[in-house]
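Read the structure below first, then the notes.
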Amino acid sequence: MILVLLLALGFAAAGQTVSTADLFRDAARALQAGNLETAERGFRQVLQREPDNIGALGNLGVLYSRAGRPAQAVEVYLRALKLAPRQPGLLLNLSLAYLKLDNYPRAKDTAAELLAVQPSDQASEILAIARLQTGETAAAVAGLSRLAEAPRPSPAVLHFLALGYVKLGRRADAQPVIERLFELLPAARAHYLEGRIWYDAALFDQALASFSKATAADPQLAGLALELGKTHISLRNAPQARQALEQALAENPADLEAQYFLGALLVQDADPAAGLPLLERVLAARPDLWGTHYYLGKAKLALGRPADAIPHLETAVRLSPNEAPVHYQYARALQAAGRAADAKRAFARVASLRAAPEPLVMK
């Protein structure tokens, strides 16, 4: 899936001065060249002069998505859509941003709206993926099966179709789909996607086997170290997970997912001081993740800072009210801060949730 650049819209508003048009043109060129800082500055200058410039808003959203800031992308796409309702490029990019945020209900609704305005295979693909992630597995498989009939379907279609079959318990139907991945892609990439299928289906031993084959074929494959790290976390292999996640960050220091998983792992592995700065960076970009607040709260509590931990844990409780480990850490922080009555109520909530031994929460 690709983001749609909305360059032409930058010149749609009447009455633009030449200098504003030049600002837009230079920002668009910087965006195309990957110079995101210059592009952001340019589009913001355009918006200072013309707050309703749809092209500047749309391309700023593209920039934020490329920079791993999907929450900000959603904000500007929604602002642009108020000015240009049902504009297909904006709807497409908004649905992709929602996918990046794991906000699958919103991605599904936006893709459905896009299909009503301008039907396309890409919109159908997004809708099917969102349906798969919201439990509409049979409907997702039906949509992906149609897209898979193309002579060269996108690898994402085959990946999620195989995953849908696995989730439906139809492993025999998934296998030929996986084989098509190996026909269309280099071995390393095919093993990588195969591993992600098993990982998303919670078949972690099989995922590790596939990722290991991908490593043997191409140890520098983009994203592989991150997936290996996540899989080792699920298998409770902390040293291997840490090594893989540190490699992922060495390859891409700005990778928020690698920062999150490594930060959470360090907190769980009794190294909260090392995990704290990683999680703080994730929080700055993704304040909507309850897991980030949970691990920040747990880290600050472990470092003897219960007053600092409580706001994070309160947010985690609000965002994920049925997770017993979150309530447990919240109760401990309240207790450490001397708020005995509040701690008692929080511990009672833990008991009502029948807390099991604390898992490594990676949400």
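Side chains included, hydrogens not; waters and symmetry mates left out as well; all remaining heavy atoms used.
For the atom pair NZ of Lys108 and OG1 of Thr134, the computed distance is 4.0 Å after rounding to the nearest 0.5 Å. Between the OG1 atom of Thr315 and the CG atom of Leu289 there is a distance of 12.0 Å, given to the nearest 0.5 Å. Taking CZ from Arg41 and OG1 from Thr38, the interatomic distance works out to 4.5 Å, rounded to the nearest 0.5 Å. Interatomic distance, NE2 of His232 versus CG of Leu245, reported as 9.5 Å (0.5 Å rounding). To the nearest 0.5 angstrom, Leu163 atom CG is 7.0 Å from Gln133 atom CD. We find the CG-CG distance between Asp218 and Leu224 to be 8.0 Å, quoted to the nearest 0.5 Å.
Under a 3.5 Å cut-off, the side chain of Lys298 and the backbone N or O of Val267 do not form any donor-acceptor pair. Of the possible polar contacts, none joining the Ser320 side chain to the Val317 backbone as a donor-acceptor pair under 3.5 Å is found. Between the Gln87 side chain and the Gly89 main chain, a donor and an acceptor come within less than 3.5 Å of each other. No donor-acceptor pair under 3.5 Å is formed between the side chain of Ser210 and the backbone N or O of Ala207. Not a single donor-acceptor pair under 3.5 Å links the side chain of Asn237 to the backbone N or O of Gln240. With hydrogens and angles ignored, the 3.5 Å screen pairs a side-chain donor or acceptor of Arg66 with a backbone N or O of Leu31. A donor-acceptor pair under 3.5 Å is formed between the side chain of Arg349 and the backbone N or O of Pro321. A donor-acceptor distance shorter than 3.5 angstrom exists from the side chain of Asn59 to the backbone of Gly55, with no hydrogens or angles considered. A donor-acceptor contact shorter than 3.5 Å is absent between the side chain of Gln335 and the backbone of Lys344.
At most 12 heavy atoms of other shown residues, nucleotides or ligands fall within 6.0 angstrom of atom CD in Gln243. Within 6.0 Å of CZ in Arg180 there are more than 12 heavy atoms belonging to other residues, nucleotides or ligands.
Ring geometry for Phe211 versus Tyr192: interplanar angle of 30 to 60°, hence tilted.
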Audit row: Glu314, His293, side-chain contact (heavy atoms from CB on, under 4.5 Å) steps and yes/no
CA-CA 9 Å; Glu314 284 178 339; His293 289 282; over 6 Å; no
Verify side-chain contact (heavy atoms from CB on, under 4.5 Å) between Leu83 and Leu57, making sure each step is shown before the conclusion.
CA-CA 10 Å; Leu83 302 169; Leu57 287 168; 3.8 Å; yes
Could you go through the side-chain contact (heavy atoms from CB on, under 4.5 Å) check for Ser145 and Tyr165 one step at a time?
CA-CA 10 Å; Ser145 296; Tyr165 281 136; 3.5 Å; yes
Before you tell me yes or no, could you show the steps for Glu149 and Arg146 under salt bridge (charged side-chain N to carboxylate O under 4.0 Å, His left out), namely the whole-Å CA-CA distance, both residues' side-chain angles and the distance that decides it to 0.1 Å?
CA-CA 5 Å; Glu149 293 173 358; Arg146 182 187 63 79; over 6 Å; no
Could you walk me through whether Leu208 and Leu228 pass the side-chain contact (heavy atoms from CB on, under 4.5 Å) test, one step at a time?
CA-CA 7 Å; Leu208 182 59; Leu228 271 170; 3.8 Å; yes
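Side-chain contact check for Arg332 and Gln329: at least one donor-acceptor pair (N or O, by modelled atom type) lies under 3.5 Å.
By the 4.0 Å N-to-carboxylate-O rule, Arg345 lies close enough to Asp342 to be salt-bridged with it.
Cluster membership for Leu203 and Leu158, using ILVMFWY side-chain heavy atoms within less than 4.5 angstrom, is shared. A continuous path of hydrophobic side-chain contacts links Leu81 to Leu101 [ILVMFWY only; heavy atoms under 4.5 Å]. Under the 4.5 Å side-chain heavy-atom criterion for ILVMFWY residues, no single connected hydrophobic cluster contains both Leu278 and Leu301. Clustering ILVMFWY residues whenever any of their side-chain heavy atoms sit less than 4.5 angstrom apart, transitively, puts Ile129 in a cluster other than the one holding Leu115. No continuous path of ILVMFWY side-chain contacts below 4.5 Å connects Leu127 to Tyr77, so the two sit in separate hydrophobic clusters.
A search for side chain to side chain donor-acceptor pair (under 3.5 Å) contacts involving Glu40 returns Tyr64, Arg69, not counting sequence neighbours. Take Arg189 and apply the side chain to side chain donor-acceptor pair (under 3.5 Å) test, not counting sequence neighbours, and it matches no residue.
Here the side chains of Phe43 and Asn53 are not in contact, with every heavy-atom distance at 4.5 Å or above. Put simply, the side chain of Pro51 reaches to within 4.5 Å of the side chain of Arg79, judged on heavy atoms. At least one side-chain heavy atom of Leu185 sits less than 4.5 Å from a side-chain heavy atom of Pro155. The side-chain heavy atoms of Phe347 and Leu334, taken from C-beta on, include no pair separated by under 4.5 Å. Contact check for Asn103 versus Asp288: no side-chain heavy atoms found under the 4.5 Å cut-off. Counting heavy atoms from C-beta on, the side chains of Pro153 and Leu144 never come closer than 4.5 Å. Proximity of His159 to Asp200: side-chain heavy atoms (C-beta onward) are separated by under 4.5 Å at one or more points. Using a 4.5 Å heavy-atom cutoff, the side chains of Trp290 and Thr292 are not in contact.
Smallest separation of non-hydrogen atoms from Leu221 and Ala188: CD2-O, 3.6 Å. Among all heavy-atom pairs drawn from Leu132 and Ala140, the shortest one is N-CB, 3.5 Å. Closest approach of Ile126 to Ser95, counting heavy atoms only: CD1-OG, 3.3 Å. Val74 and Ala97 make their closest contact through CG2-CB, 3.7 Å (heavy atoms, listed as atom of the first residue, atom of the second, distance). Heavy atoms only, all atoms of each residue included: Ala67 and Leu36 are closest at CB-CD1, 3.9 Å. Taking both residues in full, the closest heavy atoms of Tyr260 and Gly291 are given as OH-CA, 3.4 Å, listed atom of the first, atom of the second, then distance.
In this structure, Phe182 has its ring center closer than 6.0 angstrom to the ring center of His191. Aromatic ring centres of Tyr199 and Phe204: separated by under 6.0 Å.
A salt bridge (charged side-chain N to carboxylate O under 4.0 Å, His left out) with Glu257 is found for exactly one of Lys230, Lys100, Arg286, namely Lys230.
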